[in-house]
Amino acid sequence: MGDTGTPVPTTWNDPNVCPFCEMQLESPGAGFMDHLKSNPACESGFDQWRGNINSDIRGGWSG
């Protein structure tokens, strides 16, 4: 994962807004995943975030 140039947020206060680019999402679940597919910088930031927390959760994080 390396430095993507997209800051990885330490908090995510509004699930209706992308924490990486602050764009309004259609929905906090599927809308977020659709947003990641069409925004490579956000997807990269999410991958980095997931890598950071993966060891914090027993068995990894499947989401």
Side-chain angles (χ1 to χ4, degrees):
M1 285 177 233
D3 184 12
T4 64
T6 302
V8 175
T10 56
T11 60
W12 187 4
N13 298 322
D14 186 349
N16 294 304
V17 175
C18 175
F20 304 103
C21 71
E22 298 181 350
M23 178 182 274
Q24 189 73 28
L25 303 170
E26 289 185 31
S27 70
F32 177 63
M33 299 312 291
D34 290 343
H35 173 75
L36 294 180
K37 289 177 189 174
S38 61
N39 293 280
C42 296
E43 183 177 29
S44 181
F46 179 69
D47 288 343
Q48 183 179 355
W49 173 82
R50 187 170 44 193
N52 290 345
I53 68 152
N54 196 39
S55 64
D56 294 342
I57 301 171
R58 185 182 299 197
W61 185 61
S62 63

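For the atom pair E43 CD and M33 CE, the distance stands at 8.0 Å (nearest 0.5 Å).
With sequence neighbours left out, the side chain to side chain contact (heavy atoms under 4.5 Å, CB included) criterion links P28 to P15, N16.
Counting only residues at least two apart or on different chains, the side-chain hydrogen bond (donor to acceptor under 3.5 Å, both in side chains) pairs with a member in residues 21-36 are H35-N39.
Of all heavy-atom pairs spanning F32 and P19, the tightest one is CE1-CD, 3.9 Å.
Hydrophobic clustering of Ile, Leu, Val, Met, Phe, Trp and Tyr side chains at less than 4.5 Å, counting indirect connections, keeps V17 apart from F20.
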